[in-house]
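Computed over heavy atoms, backbone and side chain alike; hydrogens, waters and symmetry mates excluded.
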Amino acid sequence: MGSPQAKRQRQSSDGEIDTSPLASNPEKLSPVVVFAHGAGAPSSSPWMIRWKDMLREALHAAEVVTFDYPYISGGKKRAPPKAEKLVEFHSEIVKKTAAKFPGHPLILAGKSMGSRVSCMVAGMKEINVSAVVCLGYPLKGINRGIRDETLLELTVPTMFVQGSKDNLCPLEMLEATRKKMKPLSELHVIDGGDHSFKVGKKHLQSKVSTQDEAEDAAVQAIAAFVSKLLEG
């Protein structure tokens with residue numbers, strides 16, 4: 001299910017090999033990423049900061065823009081509204097980012113709820129998006145029903161990264177949805193990962209792996225997907 005491993009491309013100043021598929025021509029491709037947080041934690045959370053850094057490095061992004069939705073900004077602890085009510089605010093962030101970086105491919109990324117809103121924004125006619133990256137897409141709602149309408153309306157290539165033990169997105173449900181989606185989509189599964197991709201210690205030991213290795217494989221899969229799209 002995962003994307004192919006990235007090829008070795010160039011050597012960095014400290015002697016390490018840059019394995020990102022976008023390293024071969026970073027100036028031409030340099031995408032801009034707008035990265036939305038999930039329902040329970042702001043853009044300043046350790047998870048968001050770590051993934052922001054990983055995405056920027058792997059995609060050789062000109063910028064990775066993060067922001068806080070109004071309900072959680074300034075340290076507020078309110079419950080999130082319905083995803084649909086966040087689309088307007090999110091879309092304004094995207095429009096401002098696109099205006100600031102004209103000519104750069106625009107990638108929308110999001111964690112959980114942020115990925116769902118990103119997909120809604122990507123469907124807006126006035127916004128030109130090259131791809132959407134969904135990190136832990138919440139396919140099942142509070143009532144446990146499947147929420148596939150937004151995905152089925154998408155026309156933008158979409159990359160999914162999901163934990164195999166994510167109760168909010170059973171893989172068989174996602175695969176069934178992907179078969180019905182209009183655009184190209186790919187799925188990278190973090191084996192043993194939960195909704196936030198955390199893998200249990202026993203599972204990691206059985207695979208002779210680490211949490212960092214599991215996440216690095218995921219971000220390299222994202223880079224390979226984006227590279228394939230931008231190099232066309």
J.: Are Leu174 and Gln162 side-chain neighbours, meaning at least one heavy-atom pair lies under 4.5 Å?
T.: yes

J.: Please check if the distance between the ring centroids of Phe67 and His90 is under 6.0 Å.
T.: yes

J.: Where is the tightest heavy-atom contact between Ser115 and Gly110, given as atom of each residue plus distance?
T.: CB-O, 3.3 Å

J.: Determine whether more than 12 heavy atoms belonging to other residues, nucleotides or ligands lie under 6.0 Å from atom NZ of Lys165.
T.: no

J.: With a 4.5 Å cut-off on side-chain heavy atoms, are Ile49 and Pro46 touching?
T.: no

J.: Can you tell me how far CG of Leu86 sits from CE of Met113, rounded to the nearest 0.5 angstrom?
T.: 5.0 Å

J.: Hey, are Glu186 and Lys228 close enough for a salt bridge, meaning a charged N less than 4.0 Å from a carboxylate O?
T.: yes

J.: Please verify the inter-ring angle class for Tyr69 with Tyr71; under 30° counts as parallel, over 60° as perpendicular, anything in between as tilted.
T.: parallel

J.: May I ask you to test the Lys140-Asn167 pair for a side-chain heavy-atom distance under 4.5 Å?
T.: no

J.: Taking side chain as C-beta onward, heavy atoms only, is Val161 less than 4.5 Å from Cys134?
T.: no

J.: Step through it carefully: locate the ring centre of Phe160, locate the ring centre of His188, and say whether they are under 6.0 Å apart.
T.: no

J.: Side chains of His37 and Ser43: do they bring a donor and an acceptor to under 3.5 Å?
T.: no

J.: Please determine which of Leu106, Leu229, Ile107 meets the side chain to side chain contact (heavy atoms under 4.5 Å, CB included) test together with Pro31.
T.: Ile107

J.: Take a 6.0 Å sphere around CD of Glu88 and say whether it holds more than 12 heavy atoms from other residues, nucleotides or ligands.
T.: no

J.: Sequence neighbours left out, what passes ring pair (Phe, Tyr, Trp, His ring centres under 6.0 Å) with His195? Give chain and number order.
T.: none

J.: If I take atom CZ from residue Arg147 and atom CG from residue Leu152, how far apart are they, to the nearest 0.5 angstrom?
T.: 13.5 Å

J.: Enter the distance from Leu171:CG to Glu175:CD here, rounded to the nearest 0.5 Å.
T.: 7.5 Å

J.: Quick one: do Glu63 and Lys100 make a salt bridge, cutoff under 4.0 Å?
T.: no

J.: On the ring face of Trp51, is Lys111 found with NZ or CZ under 6.0 Å from the centre and within 45° of the axis?
T.: no

J.: Would you say that Leu168 contacts Tyr137 through its side chain, given a criterion of any heavy-atom pair below 4.5 Å between the two side chains?
T.: no

